[in-house]
Amino acid sequence: MTRVFKINTIVRESVKGLKPYSSARDEYVSDGSEMIFLDANENPFENGVNRYPDPQQRSLKNSLAKQKGVSESKMLLGNGSDEVLDLIFRAFCEPNQDNILTLPPTYGMYKVLAGINAIENREVLLTSEFGLDVPKILATIDEKTKLIFVCSPNNPTGNVFDRQNIQKILESFNGLVVIDEAYIDFSSEESWLNKLEEYPNLIVTQTLSKAYGMAGIRLGICYASEEIITVLNKIKPPYNVNQLTQERALERIDQKMVQNEVQNILQERALLIQALQGMNFVHKIYPTEANFVLVQVDSADQRYEQLLEQGIVVRNRSSQPLCANTLRFTVGTPEENKKLIRVLNEITSP
Ligand SMILES: *Cc1c(COP(=O)(O)O)cnc(C)c1O
C-alpha cells in the first residue's frame with residue numbers, strides 16, 4: 001500500500017528555493033573521448049589526484065547499485081555516515097523550530113547533530129528488553145517532528161528491532177524515518193533497502209566503516225526515494241567524496257574477502273559469547289546481531305581498568321540509560337579474541 005507523502009511539506013524553506021553550486025565537473029560530463037580539460041583551474045600534470053573527483057561518484061554508485069539492487073538515483077554518498085546524517089538534518093529540520101526523535105540507548109551522533117543544527121532532540125527510551133516503545137514514540141511526536149532515528153542493529157545494544165514495530169512507525173509518522181543499518185551485514189535480519197518503494201518516508205543509511213573494513217576512507221551511503229535524494233544532492237558539498245576514497249571503495253566492495261571476514265567475525269562472536277557465559281562476573285550477555293557484544297558485569301569500571309592494564313581497550317557504556325555496568329566488546333581477530341578471553345579469565349579468578 002503506497003501512501004501519499006508530499007516531500008515538499010517537510011523540506012526547509014531555504015532549501016526549497018536553493019540553486020546548488022554548479023561545479024566545472026557537473027557542467028561538462030565526459031563521454032569517454034579524449035578531451036583537454038581547461039575548465040577547473042587544476043594543475044594539468046598527472047599525478048593520480050590532480051583532477052577534481054567525480055561529484056556524483058558514478059562508478060562507485062554503479063557498482064553499489066549492482067550489489068544492492070537499488071538504482072543510482074536512490075543513492076547519496078557522503079564523507080562517512082556522519083556527513084550523510086548531517087545533510088538530512090540540514091535539508092529537513094528548521095533550526096530552533098523543529099524537533100527529532102531518538103531512542104536511547106543508541107548511537108550518540110544523532111543527538112550531537114541535533115545540537116549542532118539547533119534542533120530539539122526528543123528521547124523515548126527503549127523498553128527494558130531494548131525493544132521499541134511504539135505507543136510512547138507515537139505519543140511523543142508532533143507536527144514539528146521531522147526525523148525519527150531507528151538504529152537496527154542498534155549500537156550499543158546489538159539487537160535488531162521488531163519489523164512490525166518499525167513498520168508501524170513508518171506508517172504512522174508524517175516525517176522521515178531514518179533506519180541506520182551500519183551493522184546490517186552482521187545480521188541475519190533482512191535490510192530495509194527493498195522497502196524503499198513501499199515507504200516514501202524511509203531513509204536507509206549504511207557505511208563502509210564496519211563490515212567492509214574501510215573506516216579510514218570515510219564512506220557513508222544514504223538510500224531513499226529519488227525525491228529525497230534530489231533534495232540532499234542540492235545541499236551536499238560538490239566534491240564531498242574524495243578521489244582516493246572513491247578508488248579504494250570501488251576496489252573492495254565486490255571482493256569475496258569482505259564476506260569471508262564477516263563470516264570469520266560471526267564465528268568469533270559465537271566463541272566470545274560462549275566463553276563469556278562461563279565467567280562468574282558476567283551478569284548478562286545481550287543478544288547481538290552486530291560485530292560487538294554488550295555485556296552486563298559486576299563492576300564495569302573495575303573490569304574496564306583491569307583490561308586496560310593488560311593492553312585491551314573496550315567501551316564502557318555504563319553512563320548510557322538502561323546500560324548500568326555494561327561493557328561493549330568489539331569482536332577482534334581470532335588472536336585478539338583469544339587474548340581477551342584469557343585476560344578476562346585471569347582477572348576474575350580469585
Ligand atoms: C559506526 C557507526 C556508523 C558509521 O559512521 P561512519 O561515519 O560511516 O563511520 C553509523 N551509525 C552507527 C550506529 C554506527 O555505530
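Each ligand, and each atom within it, is numbered from 1 in the order the structure gives. Both backbone and side-chain heavy atoms feed into the values below; hydrogens, waters and symmetry mates do not.
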K.L.:
If we only count heavy atoms from C-beta on, is the E72 to R58 side-chain gap below 4.5 Å?
P.N.:
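When only atoms from C-beta onward are counted, R58 and E72 do not touch, as no gap falls below 4.5 Å.
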
K.L.:
For ligand 1, which atoms sit closer than 4.0 Å to a heavy atom of G80?
P.N.:
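With G80 as reference, the close atoms of ligand 1 come out as 7 (O), 8 (O).
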
K.L.:
Taking the six-membered ring of F37 as reference, does the cationic atom of R51 (NZ for Lys, CZ for Arg) lie under 6.0 Å from its centre and within 45° of its axis?
P.N.:
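Relative to the ring axis of F37, which defines the angle, R51 lies outside at least one limit.
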
K.L.:
With the threshold set at under 4.0 angstrom, would you say C151 reaches ligand 1 through any of its heavy atoms?
P.N.:
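In this structure, C151 qualifies as a contact of ligand 1 - some heavy atom is under 4.0 Å.
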
K.L.:
What residue and heavy atom of the protein are closest to atom 5 (O) of ligand 1, and at what distance?
P.N.:
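Result: S81 OG, 3.5 Å.
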
K.L.:
Could you tell me whether K74 and E197 have a side-chain N and a carboxylate O separated by less than 4.0 Å?
P.N.:
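Salt bridge between K74 and E197, a charged N being under 4.0 Å from a carboxylate O: yes.
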
K.L.:
So, does R218 sit close enough to ligand 1 that a heavy atom of it is under 4.0 Å from the ligand?
P.N.:
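The answer is yes, since R218 has a heavy atom less than 4.0 Å from ligand 1.
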
K.L.:
List the closest protein heavy-atom neighbour of atom 3 (C) of ligand 1: residue, atom name, distance to the nearest 0.1 Å.
P.N.:
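Its nearest protein heavy-atom neighbour is K210 NZ, 3.4 Å.
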
K.L.:
Going by the atom numbers of ligand 1, which of them fall below 4.0 Å from some non-hydrogen atom of S209?
P.N.:
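So the atoms of ligand 1 that pass are 6 (P), 8 (O), 9 (O).
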
K.L.:
Taking atom types as modelled and ignoring hydrogens, do the side chains of Q57 and Q246 form a donor-acceptor contact shorter than 3.5 angstrom?
P.N.:
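Per modelled atom types, Q57 and Q246 side chains form no pair under 3.5 Å.
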
K.L.:
Could E335 and K339 be called an ion pair, given the rule that one side-chain N must be under 4.0 Å from one carboxylate O?
P.N.:
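Not counted as a salt bridge, because no side-chain N and carboxylate O are separated by less than 4.0 Å.
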
K.L.:
Taking only heavy atoms of A182, which atoms of ligand 1 are found under 4.0 Å from at least one of them?
P.N.:
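This gives 2 (C), 3 (C), 10 (C), 11 (N), 12 (C), 14 (C) as the contact atoms.
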
K.L.:
Any side-chain heavy atom of T288 within less than 4.5 Å of one from Y183?
P.N.:
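Counting from C-beta outward, T288 and Y183 never come under 4.5 Å.
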
K.L.:
If the cut-off is 4.0 Å to any non-hydrogen atom of Y183, which atoms of ligand 1 fall inside it?
P.N.:
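Atoms satisfying the 4.0 Å criterion: 1 (C), 14 (C), 15 (O).
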
K.L.:
Does D82 reach ligand 1 with a nitrogen or oxygen that is under 3.5 Å from one of the ligand's nitrogen or oxygen atoms?
P.N.:
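Indeed, backbone or side chain, D82 has an N or O that close.
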
K.L.:
Between E83 and R218, does any NZ, NE, NH1 or NH2 come within less than 4.0 Å of an OD or OE carboxylate oxygen?
P.N.:
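Not counted as a salt bridge, because no side-chain N and carboxylate O are separated by less than 4.0 Å.
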
K.L.:
What protein heavy atom sits nearest atom 11 (N) of ligand 1, and how far off is it?
P.N.:
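Answer, as residue, atom name and distance: D180 OD2, 2.7 Å.
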
